[in-house]
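A short write-up of the structure that comes next.
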Amino acid sequence: MASKLAVPLKPFLRAQQRSLPANGHGAFVPQIRKLVFEFCDNWASSTNLRTYIHNHVENLARENPHVEFVVRRRSHREPVIRGFYINNRDKVIGLKGFEVTGIQQKVQLLLDSSGAKIKPLKRETVVSSTEAARGIWSGLHVEEPFRI
């Protein structure tokens, strides 16, 4: 009789014990995966970016081992920094006219950003806590159904 009441056990495999990566209390998954610095060797507008790359990028790469850093020369183009994110989006910031401290701020902005599309905060949707005065309209509650 005991064998009839016994529940068959499923094997509990080690692969089932993994936790999914998620941002929250126990884990943090950085959203940025790649940072690309693009500059020109000859143009004066790229001078500050070249100085920043020479002095700061190596330390920045050590501090952020989860990010791939790429330095790319683009002839006859303005200096640009591109951030590529896990959600397959990218953000591009032009660095023409920025000092080295301004470039540091923009790099930090890309490192801290989530890659999500920027949403305007001014136009939030209106959510009412009360029902409308006339009720919710439905095409099923009228005498004659709507015809096209």
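These numbers were taken from a predicted model, which means no experiment stands behind them.
Across all non-hydrogen atoms, the minimal contact from Ser114 to Gln31 is O-CB, 3.6 Å. Between Ser45 and Pro79 the shortest heavy-atom distance is O-CG, 3.4 Å.
Judged by distance alone, the side chain of Arg89 and the main-chain N or O of Gly115 form a donor-acceptor pair under 3.5 Å.
Interatomic distance, Lys96 NZ to Ser46 OG, rounded to the nearest 0.5 Å: 10.5 Å. Of the inter-residue distances, the one linking Arg73 atom CZ with Arg50 atom CZ reads 9.5 Å to the nearest 0.5 angstrom.
Listed by chain and number, the residues in a salt bridge (charged side-chain N to carboxylate O under 4.0 Å, His left out) with Arg33 amount to none (sequence neighbours excluded). Taking the salt bridge (charged side-chain N to carboxylate O under 4.0 Å, His left out) definition, one finds that Arg77 meets it with nothing, sequence neighbours left out. Applying the side-chain hydrogen bond (donor to acceptor under 3.5 Å, both in side chains) rule to Thr51 yields no partners; only residues at least two apart in sequence or on another chain are considered.
Applying the salt bridge (charged side-chain N to carboxylate O under 4.0 Å, His left out) test to every pair with at least one member in residues 54-63, sequence neighbours left out, gives these pairs: Glu58-Arg62.
Heavy atoms from other residues, nucleotides or ligands lying under 6.0 Å from NZ of Lys91 number more than 12. Counted within 6.0 Å of NE2 on His66, heavy atoms from surrounding residues, nucleotides or ligands total more than 12; the atom is thus considered enclosed.
Using a 4.5 Å cut-off between side-chain heavy atoms of Ile, Leu, Val, Met, Phe, Trp and Tyr, Phe98 falls into a hydrophobic cluster with Ile32, Leu35, Phe37, Phe39, Leu49, Tyr52, Ile53, Val57, Leu60, Val67, Phe69, Val71, Ile81, Tyr85, Ile93, Leu95, Val100, Ile103, Val107, Leu109, Leu110, Leu111. Membership of the apolar cluster around Val80 extends to Val92, as traced through chained side-chain contacts below 4.5 Å between ILVMFWY residues.
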